[in-house]
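Here is the naming used below: chain letters follow the sequence lines, and residue numbers restart at 1 for every chain.
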Protein chains: 2
Amino acid sequence: MAVAQTTKEKVKKTAQKLFRERGYAAVGMRELAKEVGIQAPSLYNHYKSKDDLLREICFDMAQQFFAAFDKAVVTEEKFQRKLKVVIKAHIGVIVSNLEASEVFFNEWVFLEQPNLGKFKKLRFEYEMKFRDIIDKGIKKDDFKKMNSKLIAFAIFSALNATYDLYNSNENLTQEEIANDISDLLLKGLKS
Amino acid sequence: MAVAQTTKEKVKKTAQKLFRERGYAAVGMRELAKEVGIQAPSLYNHYKSKDDLLREICFDMAQQFFAAFDKAVVTEEKFQRKLKVVIKAHIGVIVSNLEASEVFFNEWVFLEQPNLGKFKKLRFEYEMKFRDIIDKGIKKDDFKKMNSKLIAFAIFSALNATYDLYNSNENLTQEEIANDISDLLLKGLKS
DNA sequence: TTTTGAAACTAACAAGTGTTAGTTATCTTG
DNA sequence: CAAGATAACTAACACTTGTTAGTTTCAAAA
């Protein structure tokens, strides 16, 4: 596995790792280059700026989240099942891209305009897809009557704990994490 | 409100605001100073380094979270109530220190040693206080049998969404946020 | 074998970094 | 009012930042 990586791929992977570990602003081009094994100016043969590199990481992830959601959401009818299946899809994307996801969630604030604006729009759209399921589920009495914005925020935050969970843990599988979290959110902690 | 602020207080407040908005690493001492209305070197009359400033923000918040937890936890016997009351306490601290809390959650990674080590220890202790309630509640059958680490992570993440919630929202009160989130976590979304 | 294009290199720039030294102004206290 | 402390100031240092210019290396195409 991980054979025949091009330099560009290596740059991207290394950037994801470093940006997650230490934050976009704290990682310099020289440090990134050193980790890749080249000189800093050589990075510009592959990406035209530091911002361009962040842009690619963030927008690639956005695309993956959208694709996974859209593929998952059509498979179920009941809203409880719909929610569970998109939660699983979301977690699936995170687990398959642990470092890039973290950058996506935490470092996008460093995007420059106009990328920043475009990105915010995408994030909002994605959030609305979740809220839509919740709102419709509430209308159909599949869900309790609650503030859907609050719920959506709580869900996102809980999902985004997946990274820490997956990294720090006693061999939880992606399936187990997805099941436990969606169970918690749907049924609650109370016995 | 906010009368007779000393320069040191103003520096701290401004730092909290800027560190939250743009990240610790992205905020320079000159920018901070400008916002305060003094020159950069004058900052060093109040804090001996940039790290020292971050240290004070983070450790002050840690202390507040501990104090609120300890005060809350003794007031209840049943573990469901215990959990609810510490959740409320935690959210209370966030709401009373919106910007500083965000720094506490997101920027502590930039602390230098030995502060970084001490801080990590504190965070872990705090997490364990929550997990302790969950574990004991599971033993007493107040809670379902679930992975307490996963649950603790999910709870923390959900709680830490409070900032975005409080800021972006349709006039939710602290009481409402605390109630809705603890209801969600205890009883779940399912009707 | 020569040509070409990609991707590496070195050197350097202008701007910005946290911070120190030394000095002056301002406020508090005796 | 004089003395001392506090907190502001200007100037500067050593280093790092993202990035560009110009050059060389090297493998594939002609």
Start with the C-alpha gap between A:Phe65 and A:Phe105, add the side-chain angles, then the distance that decides, and say whether ring-ring contact (aromatic ring centres under 6.0 Å, His included) holds. CA-CA 12 Å; A:Phe65 280 113; A:Phe105 291 129; 5.8 Å; yes

Go nucleotide by nucleotide along DNA chain D from the 5' end; which of A:Met29 and B:Gly37 gets its closest nucleotide reached first? B:Gly37

If you go through the side-chain atoms of B:Arg30, does one of them form a donor-acceptor pair with the base of C:dG16 closer than 3.5 Å? no

Minimum-distance nucleotide (side-chain atoms of A:His46 versus C:dA8, C:dG18, D:dT19): C:dA8

Would you say D:dC9 has OP1 or OP2 under 4.0 Å from some side-chain N or O of B:Ser42? yes

Polar side-chain contact A:Asn45-C:dA6 base: donor and acceptor under 3.5 Å: no

In whole Å, I'd like the distance from the CG atom of B:Leu53 to the P atom of C:dT19. 10 Å

When the distance from CD of B:Gln39 to P of C:dT24 is rounded to whole Å, what number comes out? 17 Å

Do NZ/NE/NH1/NH2 and the carboxylate oxygens of A:Asp51 and A:Arg55 come within less than 4.0 Å? no

So B:Phe130 and B:Phe69, ring-ring contact (aromatic ring centres under 6.0 Å, His included) or not? Walk me through it. CA-CA 9 Å; B:Phe130 272 85; B:Phe69 185 103; 5.4 Å; yes

Quick one: A:Asp52 CG to D:dT20 P, roughly how many Å, whole number? 12 Å

Once you apply a heavy-atom cut-off of 4.0 Å, does B:Val27 come out as touching a base, just sugar-phosphate, or nothing? sugar-phosphate

Please report, rounded to the nearest Å, how far the P atom of C:dA7 is from the CG atom of A:Leu43. 13 Å

Any idea which of C:dA21, D:dA21, D:dT17 is nearest the B:Pro41 side chain? C:dA21

Side-chain donor or acceptor of A:Lys34 paired with backbone N/O of A:Met29 under 3.5 Å: no

Checking C:dA8, D:dC9, C:dT10 against the side chain of A:Thr7 (C-beta onward), the nearest is C:dA8

By nearest nucleotide on DNA chain C, pick out whichever of A:Ala40 and B:Tyr44 is the more 5' one. A:Ala40

Taking the side chain of B:Ile38 as heavy atoms from C-beta outward, which of C:dT20, D:dC9, D:dG18 is closest to it? D:dC9

